[in-house]
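Just so you know, these numbers use all the heavy atoms, side chains as well, and skip hydrogens, waters and symmetry mates. Note that the coordinates shown come from a computational prediction; the quantities given were computed from them, not determined experimentally. Reminder, nothing fancy here: chain letters follow the sequence lines and each chain counts from 1.
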Amino acid sequence: MTIQADSDKFEQQRQEKREKLEALGLDPYGLRYDDVEAAEAVKERFKDEEERQHARCAGRIVLLRDIGKLIFITLRDRSGTIQVGLSKKMLNEQWTLAKLLDLGDIIGASGQLGRTRTGEITIWVEEDGLAFLSKCLAQPPEKFHGLADIDQRYRQRYVDLWANPEVMGRFIKRSAITTTIRQHLESRGFLEVETPMMQAIAGGAAARPFITHHNSLDLDLYLRISPELFLKRLLVGGLERVFEINRNFRNEGLSRWHNPEFTMLELYQAYGDYHDMMDLTEELISACVAAHCNGPEVKFGDLDIDLSGRWRRAKYADLLWEHAGCDIGDLQAVREKARALELDEAGMDDAVVVNEVFEATVEHHLVNPTFVIDYPAVLCPLTKRSKENPNYAERFELFIARMELANAYTELNDPTQQYENFMIQLRGQEETMATMDHDYITALKYGMPPAGGLGIGIDRLVMVLTGVTSIRDVILFPLLKPVGPENA
RNA sequence: GGGAGUGUAGCUCAGUCGGUAGAGCAACGGCCUUUUAAGCCGUAGGUCCUGGGUUCGAGUCCCAGCACUCUCACCA
């Protein structure tokens with residue numbers, strides 16, 4: 001279902017209006033329109049200053065009230081709305097045009113500012129002050145409820161954005177959040193880089209990749225599941241502090257928390273470790289909260305989340321003890337707990353059972369920001385092991401609102417150890433198309449500085465900071481199945 | 001992939017026990033110079049998601065399919 005079909009009668013009617021405009025010598029798809037001021041900025045500047053002022057705005061007609069020889073329009077641009085008043089007496093010849101306006105048309109309006117009886121700030125369009133910028137041929141959605149059908153909102157985001165102002169606001173905020181992150185990182189000497197999205201070896205994570213094909217090389221390539229191994233090559237090259245904010249692609253199921261393509265911030269800091277990454281994570285997210293949220297308390301569905309202060313840092317093993325009641329070293333007890341949770345533990349490796357129990361018992365308690373630190377080393381093939389206890393890896397995951405939001409390590413820079421870990425990881429992972437990345441090992445042989453590395457899921461961060469519980473509401477065009485012509 | 005739910009006018013939604021398809025907004029025609037989801041009078045608008053089946057008769061009941069939502073599974 002789309003809003004309008006070619007044969008649509010509404011479109012016919014609007015086409016006729018378009019032809020009337022053309023008959024009057026007007027281009028219904030107008031030219032450049034200079035010196036446009038944001039609607040909200042106009043209202044702001046007129047708020048205190050009541051003297052005669054001129055204004056010039058452009059935007060889409062979202063409400064239209066025709067009361068005879070006077071027309072009131074609510075004009076929306078990306079800043080908000082402003083009322084435009086058109087009067088027959090003031091417009092003279094252009095009054096004919098005013099009467100041809102439809103909901104959804106994009107117009108320019110210039111004239112003196114004034115207030116109506118009820119105090120609404122209004123641009124009273126002067127003679128020749130009305131410009132047709134684009135005729136809307138499709139029927140706009142209902143003015144009060146907007147576009148509510150979720151499927152249609154995602155498929156026709158171009159309508160959703162102006163029909164539902166909070167949607168536009170959310171995506172503007174998303175952009176502002178990544179800007180804040182970039183500024184923060186650049187001020188700390190990080191360099192933004194871009195690494196391959198198409199990779200011959202899909203490494204840096206355990207996930208099934210998408211496959212694509214290069215024709216003239218006759219070469220199968222993978223869409224990256226992670227930029228990690230390339231970014232760390234840059235540490236070998238000496239760039240020392242690098243970050244990338246871009247898409248990863250994972251060929252997995254869809255859910256409220258998963259879109260097949262999603263945006264990650266990944267960064268690497270030479271001579272640091274995972275403690276630095278914890279501090280940096282806290283700083284980055286706190287900076288976003290300070291800049292883009294109304295206070296550190298945010299609502300997320302039914303959850304109230306407090307993002308203030310220093311966040312809890314809790315060891316993986318301690319959390320397991322706290323919520324599952326078993327000692328991570330007591331595999332008997334862990335397997336018993338797994339059976340009690342009705343997990344099918346019989347065929348699983350010990351470490352997998354531990355992690356399953358952890359996920360089943362601990363994660364849903366992690367509502368306020370919590371750094372889960374010191375993961376079992378076997379779960380972390382790219383992470384340096386803890387000096388005090390080599391069974392654990394210097395890794396943390398940050399949970400907020402029960403979601404995994406960030407993942408960071410002290411990076412493993414020993415090529416011999418890395419090679420062994422890859423070999424272990426490759427066993428029994430045919431499905432993920434995992435292949436040994438020999439060049440990465442070679443890179444490590446040249447020497448990679450000790451480093452901290454961090455990944456933050458930008459989509460999920462935006463979810464938390466905007467309070468929406470579906471990842472599709474923070475992605476402009478989430479993946480949907482195409483609608484066949486028989487369903488159109 | 002499993003389970004549950006939703007799909008009716010351009011949009012938002014009603015539709016009783018199986019008996020002629022409804023409202024508001026939008027549209028079209030008319031009135032109206034300070035409206036605020038403007039108002040008043042009138043008109044028009046339907047592949048009831050698709051395809052089968054049951055029935056004298058299906059928007060409604062049954063079967064299959066499609067899309068979306070929730071949920072489970074998958075998922076560093």
With A/Lys384 as reference, evaluate A/Asp273, A/Asn413, A/Asp414 under the side-chain hydrogen bond (donor to acceptor under 3.5 Å, both in side chains) test and give the passing residue.
->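 Among the candidates, only A/Asn413 passes.
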
Hey, mind stepping through A/Met277 and A/Glu411 against side chain to side chain contact (heavy atoms under 4.5 Å, CB included) and telling me if it holds?
-> CA-CA 11 Å; A/Met277 294 300 102; A/Glu411 299 298 333; over 6 Å; no

Give none if [N] has no partner; otherwise give the nucleotide forming a Watson-Crick or G-U wobble pair with it, both distances under 3.5 Å.
{"N": "B/rA14", "result": "none"}
{"N": "B/rG51", "result": "B/rC63"}
{"N": "B/rU33", "result": "none"}

Is atom CE of A/Met436 surrounded by more than 12 heavy atoms (other residues, nucleotides or ligands) closer than 6.0 Å?
->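 Yes.
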
Could you tell me whether A/Arg78 atom CZ has more than 12 heavy atoms of other residues or ligands within 6.0 Å of it?
->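 Count not over threshold, so no.
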
For the side chain of [X], starting at C-beta, report the closest nucleotide among [options].
{"X": "A/Gln13", "options": "B/rA27, B/rA76, B/rU12", "value": "B/rA27"}
{"X": "A/Asp151", "options": "B/rA37, B/rA26, B/rC68", "value": "B/rC68"}
{"X": "A/Pro141", "options": "B/rA76, B/rC11, B/rU71", "value": "B/rC11"}
{"X": "A/Arg208", "options": "B/rU34, B/rC74, B/rC11", "value": "B/rC74"}
{"X": "A/Thr118", "options": "B/rU36, B/rA76, B/rU12", "value": "B/rU36"}
{"X": "A/Arg395", "options": "B/rU33, B/rA76, B/rC75", "value": "B/rA76"}

Let me know the distance between [atom1] of [X] and [atom2] of [N], rounded to the nearest Å.
{"X": "A/Lys143", "N": "B/rC25", "atom1": "NZ", "atom2": "P", "result": "8 Å"}
{"X": "A/Trp124", "N": "B/rU33", "atom1": "CH2", "atom2": "C1'", "result": "8 Å"}
{"X": "A/Ile61", "N": "B/rA26", "atom1": "CD1", "atom2": "P", "result": "14 Å"}
{"X": "A/Ile123", "N": "B/rU35", "atom1": "CD1", "atom2": "P", "result": "19 Å"}
{"X": "A/Arg472", "N": "B/rU71", "atom1": "CZ", "atom2": "P", "result": "12 Å"}
{"X": "A/Leu147", "N": "B/rG10", "atom1": "CG", "atom2": "P", "result": "14 Å"}
{"X": "A/Glu397", "N": "B/rC75", "atom1": "CD", "atom2": "P", "result": "15 Å"}
{"X": "A/Leu412", "N": "B/rA76", "atom1": "CG", "atom2": "C1'", "result": "15 Å"}

Look at all strands and tell whether [X] reaches a base, only sugar-phosphate, or nothing, counting heavy atoms closer than 4.0 Å.
{"X": "A/Tyr154", "answer": "sugar-phosphate"}
{"X": "A/Arg14", "answer": "nothing"}
{"X": "A/Trp95", "answer": "nothing"}
{"X": "A/Tyr409", "answer": "base"}
{"X": "A/Gly85", "answer": "nothing"}

Between [N] and [M], how many Å separate the two [atom1] atoms, rounded to a whole number?
{"N": "B/rU43", "M": "B/rA23", "atom1": "P", "value": "12 Å"}
{"N": "B/rG19", "M": "B/rC13", "atom1": "C1'", "value": "24 Å"}
{"N": "B/rG59", "M": "B/rA14", "atom1": "C1'", "value": "12 Å"}
{"N": "B/rA58", "M": "B/rU47", "atom1": "C1'", "value": "15 Å"}
{"N": "B/rU8", "M": "B/rC48", "atom1": "P", "value": "11 Å"}
{"N": "B/rC41", "M": "B/rC32", "atom1": "C1'", "value": "12 Å"}
{"N": "B/rG65", "M": "B/rG39", "atom1": "C1'", "value": "48 Å"}
{"N": "B/rG3", "M": "B/rA64", "atom1": "P", "value": "10 Å"}

Look at the side chain of [X] against the base of [N] and say whether a donor-acceptor pair falls under 3.5 Å; ignore hydrogens and angles.
{"X": "A/His258", "N": "B/rC75", "answer": "yes"}
{"X": "A/Thr116", "N": "B/rU36", "answer": "yes"}
{"X": "A/Gln83", "N": "B/rU35", "answer": "yes"}

Passes salt bridge (charged side-chain N to carboxylate O under 4.0 Å, His left out), A/Lys135 versus A/Glu22? Steps please.
-> CA-CA 11 Å; A/Lys135 184 72 195 159; A/Glu22 284 168 334; over 6 Å; no

Is any side-chain heavy atom of [X] closer than 4.5 Å to a side-chain heavy atom of [Y]?
{"X": "A/Leu86", "Y": "A/Leu101", "answer": "yes"}
{"X": "A/Pro260", "Y": "A/Leu254", "answer": "yes"}
{"X": "A/Leu265", "Y": "A/Leu284", "answer": "yes"}
{"X": "A/Tyr154", "Y": "A/Asp473", "answer": "yes"}
{"X": "A/Leu223", "Y": "A/Met197", "answer": "no"}

Detail all sub-3.5 Å separations between protein N/O atoms and N/O atoms belonging to nucleotides 1-3 of chain B.
none

What pairs of nitrogen or oxygen atoms, one from the protein and one from nucleotides 40-47 of chain B, lie under 3.5 Å apart?
from   : atom 1 : to     : atom 2 : distance (Å)
B/rG45 : O2'    : A/Lys9 : NZ     : 3.0

Residue whose nearest RNA chain B nucleotide is more 5′ - A/Ala148 or A/Arg115 |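 Its nearest nucleotide lies further toward 5', so the answer is A/Ala148.
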
A/Ile150 vs A/Leu103, nearer the 5' end of RNA chain B by closest nucleotide |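 Whichever sits nearer the 5' end wins; that is A/Leu103.
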
With under 30° as parallel and over 60° as perpendicular, where do the rings of [X] and [Y] fit, or are they tilted in between?
{"X": "A/Tyr375", "Y": "A/Tyr316", "result": "tilted"}
{"X": "A/Phe249", "Y": "A/Phe210", "result": "perpendicular"}
{"X": "A/His365", "Y": "A/His323", "result": "parallel"}

In residues 64-71 of chain A, what residues come within less than 4.0 Å of RNA chain B, judged by heavy atoms?
->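 Those residues whose heavy atoms fall under 4.0 Å from RNA chain B, taken from residues 64-71 of chain A in numerical order, are A/Arg65, A/Asp66, A/Ile67, A/Gly68, A/Lys69, A/Leu70.
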
Ring centres under 6.0 angstrom apart (A/Phe358, A/Trp321) |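 No, the ring of A/Phe358 stays outside the 6.0 Å limit from the ring of A/Trp321, centre to centre.
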
To the nearest 0.5 Å, how far apart are CD in A/Gln418 and CD in A/Gln425?
->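 CD of A/Gln425 is found 8.5 Å from CD of A/Gln418.
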
